[in-house]
Amino acid sequence: MSKSAIRFSLLLSFALTGMLSGNTWAQSGEDQKREGQEHRKTVYESATVLKAVSRLVVVDVVVTDKKGQPLTGLKAKDFTVQEDEVAQSIRFFSFQGGNNNSGSGPAPETPRKLPANVFTNVPDYKPGSAMNVILLDALNSNLANQVAMREQLIKFIAAIPTDRPTAIYALGNKLWLLQDFTTDPKTLQAVIRNYKGSISNLLENPTGAPPSDPLGMRFMPANIRERMKQFLKETIAAQTELRVNLTMEALTALARTLAAYPGRKNLIWLSEAFPLTIEPEMSRMNTRTIHTGNIERNFGLQLTKVADALMNTQIALYPIDIRGITSSDVFGPNMGVNNYGESMLLPEGMQREMREFGDELQANHSTMGELAERTGGKAFYNTNDFGKAVRSSMDDGSTYYTLSYYPSDKNWNGKFRKISVRLNSSDARLRYRLGYFAMDPSTYQDRSAPMRAQDFGQTLNLDYPVSTALMFRAGVLPPSEKTQNKVVVNYLVDAHAVSFQKEDDGLQHATLSGAVQVYTEKGEPLKTEATNITIALTPENFRQVMDKNLPFQMSFDLAPGKYVLRLGIRDDRTGLIGSANANVTVN
């Protein structure tokens, strides 16, 4: 056995007997055994882990009749699944209708009580039905539309059924959790009522006020006005590019956050969205390609990758355009000019504004529709009843069939594979994910170091919610004689989500990266501590790890003070990441 394997075996022995410094690993006794079994079952059933560890493809299918009503009572034999026109064998089949998910007990409404100095990213909520996430998007929505949306949402939430577990997130210049999953309408309503929205500094018109030529461009000489107009277009193009990137990062972060929850998650995105591609030669920059200076950008590939991340976590996107039924500024209160000082009252000006308004609306709706179609959700626009649209999203995603299969094509070449599902004897309507990228999960280790560092760095950022693809508990011990005057972090990682590989030496090998980002009590970053561990387990130790969890330890120095820690663990072979927040006081 190698030296690293011997060292890890000793660490494993101490961890499994609870003898590692401070005895602060996790809950002990029957509570640890019971909760550990539940949490390992949860993470092992999650689509993210199944894809990374066993390469199982999970497809949620919403089946409705011609009137839009869900069809129930179907069996696996009623479905045919194809991948790139090749029939696949359905290995697992289940039906989810309302809150009848067998085997899941009542969902706790309050966080579990952990021992002192113990922290975890294991979700508190144990879903009994499809889960709903409402994303309030202030980054891509003007303030006037945010206010209108908020008022309708308050009324809708008051009447939400109590079998709909719902969480609320908000997106501004960062993504933050407003309310974790709950089925209490009063709690959700209070959160929405207290949320006031925010003004996006990346929108051309962040308040929603009518155009007014704020720079007085209509009084400028024609040549200067044209230069100013081009400058403003390029500025808005750069802002739009940043807005798109921030939104894509937020959606990816949500996929990582919801990774541990098994089953379908309905992500209800209340937003004005953004154009997928932009071109400053059009005055509202809404066509196919972004040009910022001499740089061309097209976000199609980026959107495809984000949709793939959502699909791999069983997230279906339901975008709702909070502009509702709207019309061009030509018909609104204004001074007869647009923001560039151009007349909107003359026939050619009116035609220009109406054409550009229609193009802009169509571009944003195209983004919403594409994300919804790719993930098996549904887009809603041209409606002023946002509450009804939210309810329709929840209803639509609450009754579905899950079909799972191991692909017959074992060539993991990274190409997109199209999924098609049909009923063998019905003209019903089906919605499901369009496909997936056939990536070998182990090729994550071949990605460039900067790209892997960027992924891990985002996970360690307090501006993003925690990630749950790798679930763990961690005991954080302040400096003492027992810890040799260092801060010690003792991890227990769910081994079912770790990609082990049996090699010629007969040992099970894996490689993990651990990191702790240290922040002040006010959230200011101070330093990052990182380490790697190479694991080589005998068959006996491997069985113990699968039954008892995988130990991992870090230690470092900290000066006296109060700190916030973002703990992170990554499987270097598959890229699955887990993170959690912790606190420590150093005297």
Side-chain angles (χ1 to χ4, degrees), residues 42 45-47 57-81 90 92-107 125-135 156-157 159-167 181-183 185 188 258 261-269 310-311 313-320 371-380 383 385 387-405 419-434:
T42 296
E45 289 180 346
S46 71
V57 177
V58 180
V59 185
D60 292 331
V61 185
V62 174
V63 185
T64 59
D65 60 21
K66 292 182 178 180
K67 296 181 179 179
Q69 297 301 310
L71 287 179
T72 61
L74 300 173
K75 307 298 182 184
K77 64 181 181 180
D78 298 320
F79 292 87
T80 297
V81 180
I90 299 174
F92 304 99
F93 175 85
S94 64
F95 170 70
Q96 171 65 60
N99 62 351
N100 65 347
N101 189 14
S102 60
S104 58
Y125 205 98
K126 301 177 182 65
S129 62
M131 310 187 78
N132 303 288
V133 177
I134 295 176
L135 178 59
F156 162 74
I157 291 293
I160 190 174
T162 56
D163 64 345
R164 302 290 174 87
T166 303
F181 287 104
T182 180
T183 55
L188 295 168
L258 300 172
Y261 294 94
R264 182 184 179 95
K265 281 78 66 175
N266 305 313
L267 177 53
I268 302 167
W269 180 30
L310 295 172
M311 289 185 291
T313 319
Q314 278 182 278
I315 296 177
L317 194 60
Y318 289 84
I320 300 174
L371 277 169
E373 183 180 10
R374 283 185 174 276
T375 59
K378 185 178 180 181
F380 296 84
T383 176
D385 194 341
K388 183 179 180 181
V390 174
R391 177 181 288 276
S392 296
S393 300
M394 291 184 176
D395 290 344
D396 182 80
S398 66
T399 303
Y400 62 94
Y401 298 86
T402 297
L403 318 176
S404 304
Y405 66 92
I419 295 173
S420 62
V421 183
R422 64 178 176 83
L423 285 176
N424 297 331
S425 58
S426 175
D427 58 355
R429 298 174 181 176
L430 283 67
R431 276 189 291 105
Y432 48 88
R433 60 189 290 187
L434 291 184

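All values derive from a computational prediction rather than experimental measurement.
- The minimum heavy-atom distance between A130 and Y400, with the atom names listed, is CB-CE2, 3.9 Å.
- A side chain to side chain donor-acceptor pair (under 3.5 Å) with D60 is found for exactly one of Q314, K265, Q96, namely Q314.
- Taking the side chain as every heavy atom from C-beta outward, M394 and I160 approach each other to under 4.5 Å.
- Residues forming a side-chain hydrogen bond (donor to acceptor under 3.5 Å, both in side chains) with N132 (at least two apart in sequence, or on another chain): N266.
- Atom NZ of K378 sits about 13.0 Å away from atom CD1 of I268, to the nearest 0.5 Å.
- With a 4.5 Å cut-off on side-chain heavy atoms, L317 and R374 do not count as touching.
- Note: N424 CG to K77 NZ = 10.5 Å, rounded to the nearest 0.5 Å.
- Counting heavy atoms from C-beta outward, I157 and T166 have side chains that stay 4.5 Å or more apart.
- Taking CG of L188 as the start and OG1 of T183 as the end, the distance is 8.5 Å to the nearest 0.5 Å.
- No side-chain heavy atom of V421 sits less than 4.5 Å from a side-chain heavy atom of Y401.
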- request: For the pair F79 and L423, evaluate side-chain contact (heavy atoms from CB on, under 4.5 Å) and give the outcome as yes or no after the intermediate values.
  value: CA-CA 5 Å; F79 292 87; L423 285 176; 3.5 Å; yes
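- Between L258 and F181 there is a side-chain heavy-atom pair separated by less than 4.5 Å.
- The closest donor-acceptor contact from the side chain of T313 to the backbone of I315 lies at 3.5 Å or more, if one exists at all.
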N/O donor-acceptor pairs under 3.5 Å from side chains in residues 67-74, not counting sequence neighbours:
none

Between T402 and R264, is a side-chain contact (heavy atoms from CB on, under 4.5 Å) present by the stated rule, with each step listed? CA-CA 9 Å; T402 297; R264 182 184 179 95; over 6 Å; no
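- Qualifying side-chain hydrogen bond (donor to acceptor under 3.5 Å, both in side chains) partners for D396, counting only residues two or more places apart in sequence or in other chains: Y318, R431.
- Annotation: side chain of V57 is in contact with side chain of Y405 (closest heavy-atom distance under 4.5 Å).
- With salt bridges taken as basic N to acidic carboxylate O contacts below 4.0 Å, one links D395 and R164.
- Residues S393 and F380 come closest through the heavy atom pair OG-CE1, 3.3 Å.
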query: T375 and L267: side-chain contact (heavy atoms from CB on, under 4.5 Å), yes or no, with the steps?
result: CA-CA 10 Å; T375 59; L267 177 53; over 6 Å; no
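- The shortest non-hydrogen separation linking F156 to G387 is CD1-O, 3.5 Å.
- Considering CG of L430 and CZ of R422, their distance stands at 11.0 Å, rounded to 0.5 Å.
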### Task
Might you work through the side-chain contact (heavy atoms from CB on, under 4.5 Å) test for W269 and L371, ending with a clear yes or no?
CA-CA 11 Å; W269 180 30; L371 277 169; 3.9 Å; yes
